[in-house]
Peer 1: 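One structure follows; several queries about it will come next.
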Amino acid sequence: MGIARDTFVEQVVEVLKSRNEKALANENLTKDTVEEVTDRISLYLNLTPVNGSYVFDERLVRVAARIASGIFTSISNEVSGDGGEAQIKSISDNGQTISFAEGVRNYLATSSDQEVFSGFTELLKPYRRCNVVS
């Protein structure tokens, strides 16, 4: 049975929060990561909109949550500095302000499907739809 994109995103966020403690602490980063993963899955599977919305198989909720959890963990470590140096976006001298670059967008924009889906490409491959051009 299929579910609409917005419902799919909400369900993946809930599963991700139950599996990843860091996701509970940063709601915006969690939702942004899940939405980006959802878009990547829809592009990878060549989904077409039905009545203006993409429809996802509900069995993909846990798979998407596992993918998003891996991305979220590596990105939150990067942003918090736990996983190495975080990329600095801007620095102010007298005001002592430092802001860090948004790692999620950079990571997801420059990574291949195999990197983003981290081993789930073989699981998703049979469900890809063909694009037929006539």
Side-chain angles (χ1 to χ4, degrees):
M1 179 166 177
I3 53 178
R5 182 189 185 278
D6 293 337
T7 306
F8 182 79
V9 168
E10 290 172 11
Q11 289 180 5
V12 173
V13 166
E14 290 307 312
V15 173
L16 176 58
K17 286 180 180 179
S18 71
R19 291 182 176 180
N20 191 324
E21 291 179 15
K22 291 183 179 185
L24 289 170
N26 195 336
E27 183 78 28
N28 292 334
L29 184 59
T30 301
K31 186 158 179 157
D32 188 46
T33 303
V34 169
E35 286 182 346
E36 187 83 24
V37 166
T38 300
D39 290 341
R40 289 290 292 257
I41 289 173
S42 69
L43 289 169
Y44 183 77
L45 296 178
N46 297 319
L47 296 180
T48 55
V50 176
N51 297 328
S53 178
Y54 291 100
V55 177
F56 292 85
D57 188 318
E58 62 186 82
R59 295 174 295 177
L60 289 175
V61 169
R62 285 186 169 79
V63 173
R66 177 78 61 200
I67 293 167
S69 180
I71 293 169
F72 185 83
T73 300
S74 65
I75 296 305
S76 62
N77 286 345
E78 215 174 276
V79 171
S80 68
D82 294 341
E85 293 182 21
Q87 187 177 14
I88 297 174
K89 184 176 180 181
S90 66
I91 299 175
S92 299
D93 189 33
N94 248 354
Q96 297 292 323
T97 304
I98 299 174
S99 58
F100 296 96
E102 183 64 47
V104 174
R105 288 189 176 93
N106 292 338
Y107 175 78
L108 290 171
T110 59
S111 299
S112 69
D113 289 336
Q114 286 77 15
E115 290 173 309
V116 171
F117 298 144
S118 63
F120 286 97
T121 52
E122 291 302 315
L123 177 72
L124 295 172
K125 205 179 277 187
Y127 301 100
R128 291 183 85 177
R129 296 182 180 178
C130 296
N131 283 337
V132 179
V133 180
S134 57

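All figures in this text were calculated on a predicted structure; none of them were measured in a lab. These values consider heavy atoms only, across backbone and side chains, with no hydrogens, waters or symmetry-generated copies.
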Peer 1: So, using side-chain contact (heavy atoms from CB on, under 4.5 Å) as the criterion, who are the partners of A68 when residues are at least two apart?
Peer 2: L16, T33, V34, V37
Peer 1: For the atom pair CZ (R62) and OG (S69), what is the distance rounded to the nearest 0.5 Å?
Peer 2: 13.5 Å
Peer 1: In Å and rounded to the nearest 0.5 Å, what is the CZ to CD distance from R5 to E10?
Peer 2: 11.0 Å
Peer 1: Taking all atoms of both residues into account, what is the closest heavy-atom pair of Q11 and V61, and its distance?
Peer 2: OE1-CG2, 3.4 Å
Peer 1: Measure the spacing between CD1 of I41 and CG of L47 and express it to the nearest 0.5 Å.
Peer 2: 9.0 Å
Peer 1: Just how far is it from atom NZ of K17 to atom CZ of F72, taken to the nearest 0.5 Å?
Peer 2: 10.0 Å
Peer 1: Hey, quick one: are V63 and V55 part of the same hydrophobic cluster, counting side-chain heavy atoms closer than 4.5 Å, chains of contacts allowed?
Peer 2: no
Peer 1: Checking side-chain contact (heavy atoms from CB on, under 4.5 Å) for the pair L60/F8: CA distance, chi angles, key distance, verdict?
Peer 2: CA-CA 9 Å; L60 289 175; F8 182 79; 3.9 Å; yes
Peer 1: Hey, does the side chain of T30 reach the backbone of A23 with a donor-acceptor pair shorter than 3.5 angstrom?
Peer 2: yes
Peer 1: In Å, rounded to the nearest 0.5 Å, how long is the span from OH of Y54 to OG1 of T38?
Peer 2: 12.0 Å
Peer 1: Measure the CG-CD1 distance between L124 and I67 for me, rounded to the nearest 0.5 Å.
Peer 2: 5.5 Å
Peer 1: Considering non-hydrogen atoms only, spot the tightest contact between V13 and K31 and give its length.
Peer 2: CG2-CA, 4.3 Å
